[in-house]
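Each remark here refers to the structure printed beneath this line.
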Amino acid sequence: VVLGYRLGARGATLHEIRRICGVPGTARLYDVAQLRYDARRGTWRLHFRDDVDGAVPRWRPYPGSGAARNLAVLMRE
């Protein structure tokens, strides 16, 4: 699995880099997780992409993880 990320104003989106139809030299980014920063509280939250049944993808809090002041704590999830 090859992972990449995009930085935004309030956090980062992690994505998997996949070949298109297995063709070398082609790539498609598939978002898999978000790390969101709440500047008011000084905490991070981990979210996952939920696109069950082909519905429009939504970001939901990762089960069992709460807010954390230390980003490394969430990265271990």
Nearest-0.5 Å distance that lies between atom [atom1] in [X] and atom [atom2] in [Y]:
X	Y	atom1	atom2	value
L7	L35	CG	CG	10.0 Å
H47	L14	NE2	CG	13.0 Å
R60	D50	CZ	CG	4.5 Å
L29	T13	CG	OG1	11.0 Å
R28	E16	CZ	CD	9.0 Å

Pairs touching residues 63-75 that satisfy salt bridge (Lys or Arg N to Asp or Glu O under 4.0 Å), sequence neighbours left out: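 Not a single pair qualifies under salt bridge (Lys or Arg N to Asp or Glu O under 4.0 Å).
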
Any F48 side-chain heavy atom under 4.5 Å of P63 side chain: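 Answer yes - side chains close enough.
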
Within-4.5 Å side-chain heavy-atom neighbours: R49 and V32: no

Could you identify which residues cluster with [X], counting Ile, Leu, Val, Met, Phe, Trp and Tyr as linked when any side-chain heavy atoms lie under 4.5 Å apart, either directly or through a chain of such contacts?
X	value
V56	none
W59	none
V23	none

Any residue meeting side chain to side chain donor-acceptor pair (under 3.5 Å) with Y30, in chain and number order, not counting sequence neighbours: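 Result, side chain to side chain donor-acceptor pair (under 3.5 Å) vs Y30: D51.
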
For R41, all residues meeting side chain to side chain donor-acceptor pair (under 3.5 Å), sequence neighbours excluded: D38

Listed once per pair and sorted, the ring-ring contact (aromatic ring centres under 6.0 Å, His included) pairs that draw on residues 4-29, sequence neighbours left out: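 Checked against ring-ring contact (aromatic ring centres under 6.0 Å, His included) - neighbours excluded - no pair reaches residues 4-29.
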
Residues that V2 engages under side-chain contact (heavy atoms from CB on, under 4.5 Å), provided they are two or more places apart: I17

Non-hydrogen atoms of P24 and G22 that approach each other most closely: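 Answer, listing the atom of P24 first, then G22: CD-O, 3.3 Å.
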
Residue R58 excluded, over 12 heavy atoms near CZ under 6.0 Å: no

Contacts of type salt bridge (Lys or Arg N to Asp or Glu O under 4.0 Å), residue R10, not counting sequence neighbours: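 Salt bridge (Lys or Arg N to Asp or Glu O under 4.0 Å) check on R10 returns nothing, list empty.
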
Partners passing salt bridge (Lys or Arg N to Asp or Glu O under 4.0 Å) against R19 (at least two apart in sequence or in another chain):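 So R19 forms no salt bridge (Lys or Arg N to Asp or Glu O under 4.0 Å) with any residue.
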
Side chain to side chain contact (heavy atoms under 4.5 Å, CB included) between R36 and L46, intermediate numbers included: CA-CA 7 Å; R36 295 182 181 178; L46 177 62; over 6 Å; no

